[in-house]
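Right, one structure below, let's go through it.
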Amino acid sequence: MTKKNCNTQRRYVIVGAGMAGILAAIKLREAGKDNIRVYEKADRIGGTWRENTYPGLTCDVPSHSYTYSFEPNSEWTRHLPPGDEVQAYFESVVKKYQLEEIISFNEEITDCQFNNEQWRISTSKGNTDYADFVIAATGVLHHPRIPAIKGMEKFKGKLFHSARWDHSAVLDNQRIAVIGTGSTGVQIVTALADLAAHLCHYQRTPQWIMPVVNAEFSEAEKALFRNNTAALKRIQNDPELEANIERFSVAITEPDSAAMHEIESIVRQNLESSVSDPELRERLRPDYRAACKRLIYSETFYQAVQKSNVDILTEGVEVIEEDGIRSLDGTLREFDIIVLATGFHADRFMRPMQITGENGITLEQAWAERPTAYMSVSIPGFPNLFMLNGPNGPVGNFSLIEIAEQQWHYISQLMAPVENGEYQKISATQTALDNFDKARIAAAKKSIFGSGCQSWYLDSQGVPATWPWTRAQFKDAMHKPDFSAFHMI
């Protein structure tokens, strides 16, 4: 097969202009590539930080860690940043690196087909593009999960999902129901407790709450970060935080470790010391181990739910009626607003985009059993297509920016032999994926995520879908590809 000249201009298509898509575009330009197009289904950048605008939205990763390594931010106002600041940060990065000119907004990729040399791409606007490389940066949490509750269409008040917040809804002195007890539900309840006339939190499963002090950065601290590059980089790579994150990743992978027992002791003590009413305390006590579900960090949730206008309800929802919610015990409670904090379809990734690889195999066929990718970035039979934050990556209480940067370091090395004309296409072998999956599944079942609870970390077969080893091991894995695990033509 004739090699392409190494000076041939390669075409790069990036799917999504969220955190990972922005990263990919910057890194490609940094490497001297300029034939790039980013397709974004929405009207602006931001991904999950664009979609979620609910009251109380807060990133649970420390702000200076939730930045690109090459683009620290001196202006964070708190140790855990509010959502609007995160969105503003990404917008500022896009502006600084002049990425708007390569982003097609309101243009969703609907179909991707590999034609043995390139990817043929069709969009929602009826346009066709061709790419030598496709970078899927579609994110994980962007397809809202709407519960199948009977009667939702009959409710005469306002009803909406947390990721589709209705900002026309008046919140002050209203009767509000929040369904869902994940991080989103906890943040919304905490934010609305002082506003609502009456707030009911419908709890199917209680959560372990990790206490945290979300302190503000003083003006003096921000001035120091602005004027002292070393100080800004030092807080971005805080050694104490780094050690804590690594210890947490060890706890996840070793449920009987001292690190995990320490976490369990902290969250139990937080519940015991924070909730005075013994009956409420027991309603808020989970029956599974800490971190089996994603740990929730909150400074004031327990204080919020003890207010006289807030109720934690465990009866379950039977039906939604015109005036409110009828519980399984037959009680009807009237509301003005119902918020569905019910999460996302975390297994969708690139779907519903139709993707067809070599020999006519579709992504749906490749993922018939479960979404999976070798090292979370490459799928056998789908050459020159790479995923950022794809299946089986480290999605826990970590900075996904850090994860994406490490993945990009790995992906850029996979693209290099194709870019220089040595090969035409590259993708993981089926054997490599099978071996990876066998080891991953075995380790995942032994992790804290497999210790006996229901969570969005689990796939359709009840197996934790996340990276089951430590953060340090992921960094090592992303340092350099084992090219024997890849099929190269």
Is a side-chain donor or acceptor of Gln174 paired with a backbone partner of Ala169 at a separation under 3.5 angstrom? no
Quick check: closest heavy atoms across Ser451 and Cys292, and the distance to 0.1 Å? OG-SG, 3.5 Å
With Cys59, which residues qualify under disulfide bond (SG atoms under 2.5 Å apart), at least two apart? none
Using the test ring-ring contact (aromatic ring centres under 6.0 Å, His included), find all partners of His79 that sit at least two apart in sequence or belong to another chain. Phe217
Considering the options Val339, Leu313, Leu340, Leu159, which one meets the side chain to side chain contact (heavy atoms under 4.5 Å, CB included) requirement together with Ile179? Leu340
Could you work out, with side-chain hydrogen bond (donor to acceptor under 3.5 Å, both in side chains) as the rule, every residue matching Glu51, not counting sequence neighbours? Arg164
When you check the side-chain N and O atoms of Asn52 and Ser162, is any donor under 3.5 Å from an acceptor? no
Can you name the salt bridge (charged side-chain N to carboxylate O under 4.0 Å, His left out) partners of Arg175, sequence neighbours left out? Glu334, Asp336
The reported gap from CD1 in Ile22 to CG in Leu388 (rounded to nearest 0.5 angstrom) is 12.0 Å
For Asp43, all residues meeting salt bridge (charged side-chain N to carboxylate O under 4.0 Å, His left out), sequence neighbours excluded: none
Pair listing, salt bridge (charged side-chain N to carboxylate O under 4.0 Å, His left out) test, anchored in residues 451-464, at least two apart: Arg370-Asp459
I'd like to check the side chain to side chain contact (heavy atoms under 4.5 Å, CB included) partners of Ala439; sequence neighbours left out, ordered by chain and number. Trp469
For Asp437, check salt bridge (charged side-chain N to carboxylate O under 4.0 Å, His left out) against everything at least two apart and list the hits. Arg440
Between Thr58 and Gln187, is the side-chain hydrogen bond (donor to acceptor under 3.5 Å, both in side chains) condition met? List the steps. CA-CA 8 Å; Thr58 305; Gln187 291 182 355; 4.5 Å; no
Counting distance only, does the side-chain N/O of Thr253 pair as donor-acceptor with the main-chain N or O of Val250 below 3.5 Å? yes
Side-chain H-bond candidate by donor/acceptor type, Thr205 with Gln454, under 3.5 Å: no
Look only at the side chain of Gln306 and the backbone of Tyr302, and say whether a donor-acceptor pair between them is shorter than 3.5 Å. yes
Would you call Arg44 and Glu91 a salt bridge, taking side-chain N to carboxylate O under 4.0 Å as the test? yes
Below 4.0 angstrom, N of the basic side chain to O of the carboxylate: do Arg50 and Glu40 qualify? yes
Just jot down the side-chain hydrogen bond (donor to acceptor under 3.5 Å, both in side chains) partners of Asn270, sequence neighbours excluded, or say none. Ser274
In terms of the angle between their ring planes, are Tyr288 and Trp208 parallel, tilted or perpendicular, with boundaries placed at 30° and 60°? perpendicular
Could I get the full list of salt bridge (charged side-chain N to carboxylate O under 4.0 Å, His left out) partners for Glu315, not counting sequence neighbours? Arg333
Could you check whether any side-chain N or O of Thr181 sits under 3.5 Å from a backbone N or O of Pro206, counting only pairs where one atom can act as donor and the other as acceptor? no
Are Tyr54 and His161 close enough that their ring centres sit under 6.0 Å apart? no
I'd like to know if the side chain of Arg294 and the backbone of Ser183 have a donor-acceptor N/O pair within less than 3.5 Å. no
Can you label the angle between the His201 ring and the Phe301 ring as parallel, tilted or perpendicular, going by 30° and 60°? perpendicular
Using 0.5 Å steps for rounding, measure from the OG1 atom of Thr342 to the CD1 atom of Ile149. 7.5 Å
Would you call Arg78 and Glu85 a salt bridge, using N to O less than 4.0 angstrom? no
Check: His143 side chain, Arg351 main-chain N or O, donor-acceptor pair, under 3.5 Å: yes
Sidechain-backbone polar pair: Asn392 side chain, Ala465 backbone, donor-acceptor under 3.5 Å: yes
Report the C-alpha distance between Gln473 and Thr470 in whole Å, list the side-chain angles of each, state the deciding distance to 0.1 Å, and finish with yes or no for side-chain hydrogen bond (donor to acceptor under 3.5 Å, both in side chains). CA-CA 5 Å; Gln473 286 172 299; Thr470 66; 3.1 Å; yes
Mind checking what makes side chain to side chain contact (heavy atoms under 4.5 Å, CB included) contact with Glu262, not counting sequence neighbours? Arg247, Ile266
Mind checking what makes side-chain hydrogen bond (donor to acceptor under 3.5 Å, both in side chains) contact with Ser65, not counting sequence neighbours? none
Glu246 and Lys475 ion-paired at < 4.0 Å: no
Check for a donor-acceptor pair, side chain of Asn309 on one end and backbone N or O of Ala196 on the other, with a separation under 3.5 Å. yes
Main-chain N/O of Ser122 paired to Asp111 side chain as donor or acceptor, under 3.5 Å: no
